Amino acid sequence: MIEVSPRAREVLARASASARRFDPDARIRIVRDGAGIRSGFAHAPEAGDHVIEDGDVVVFVESGLSGIVDVTESHDQLVLRPGDDG
């Protein structure tokens with residue numbers, strides 16, 4: 001299961017709004033990156049992606065990721081923290 005912290009929701013909402021000014025179909029996609037995660041933009045989810053919708057913000061999350069998407073205190077870098085189940 002994937003969750004998104006309130007602070008990460010704010011960061012993702014700002015990134016989404018910025019991207020959609022240039023490409024109205026742009027959505028954020030979170031994927032594995034080594035031991036961590038990274039975000040990019042996509043127009044549609046990949047097969048198996050989990051889709052998170054929060055108002056105007058739509059985030060696709062790569063299949064198999066679980067935990068809590070959060071951000072670091074400095075630079076608002078996305079990180080994946082263990083969830084309640086692990």
Side-chain angles (χ1 to χ4, degrees):
M1 177 172 185
I2 197 83
E3 297 178 49
V4 181
S5 75
R7 186 146 179 254
R9 284 184 188 277
E10 292 173 11
V11 169
L12 292 169
R14 284 194 312 263
S16 178
S18 293
R20 285 184 290 122
R21 278 188 222 118
F22 298 100
D23 181 352
D25 296 325
R27 302 294 181 260
I28 296 171
R29 184 161 189 263
I30 298 173
V31 299
R32 283 180 194 84
D33 185 24
I37 58 173
R38 67 177 168 79
S39 64
F41 296 102
H43 287 143
E46 297 287 325
D49 278 359
H50 181 72
V51 179
I52 298 171
E53 296 185 57
D54 185 15
D56 291 339
V57 180
V58 177
V59 178
F60 308 136
V61 180
E62 182 179 21
S63 176
L65 289 177
S66 65
I68 301 168
V69 176
D70 203 357
V71 291
T72 60
E73 288 297 318
S74 61
H75 308 294
D76 290 338
Q77 180 180 4
L78 290 177
V79 294
L80 187 63
R81 302 196 191 284
D84 292 335
D85 59 346

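Note that the coordinates shown come from a computational prediction; the quantities given were computed from them, not determined experimentally.
Looking at heavy atoms from C-beta onward, V71 lies out of side-chain contact with L12 at the 4.5 angstrom threshold. Considering only heavy atoms from C-beta on, I2 comes within 4.5 Å of I52 through its side chain. Counting only heavy atoms from C-beta outward, the side chains of R38 and V31 approach each other to under 4.5 Å.
Qualifying side chain to side chain contact (heavy atoms under 4.5 Å, CB included) partners for A19, counting only residues two or more places apart in sequence or in other chains: A26, F41. Under the rule for a side chain to side chain contact (heavy atoms under 4.5 Å, CB included), the partners of E46 that lie at least two apart in sequence or sit in another chain are R29, D49. Under the rule for a side chain to side chain contact (heavy atoms under 4.5 Å, CB included), the partners of R20 that lie at least two apart in sequence or sit in another chain are S16, A17, R27, D56. Remark: H43 engages D23, D25 in a side chain to side chain contact (heavy atoms under 4.5 Å, CB included) (not counting sequence neighbours). Residues satisfying the salt bridge (Lys or Arg N to Asp or Glu O under 4.0 Å) test with R32, not counting sequence neighbours, are E62.
Residue V58 belongs to a hydrophobic cluster whose other members are V51, F60, with links defined by side-chain heavy atoms closer than 4.5 Å. Taking Ile, Leu, Val, Met, Phe, Trp and Tyr as members and joining any whose side-chain heavy atoms lie under 4.5 Å apart, directly or through other members, I68 forms no hydrophobic cluster with any other residue.
Residue pairs meeting the side-chain hydrogen bond (donor to acceptor under 3.5 Å, both in side chains) criterion with at least one partner in residues 3-12, sequence neighbours excluded, are S5-D70, R7-D76, R9-D54.
In summary, of the residues considered (I30, I37, V61, D33), a side-chain contact (heavy atoms from CB on, under 4.5 Å) with L80 occurs for I37 alone.
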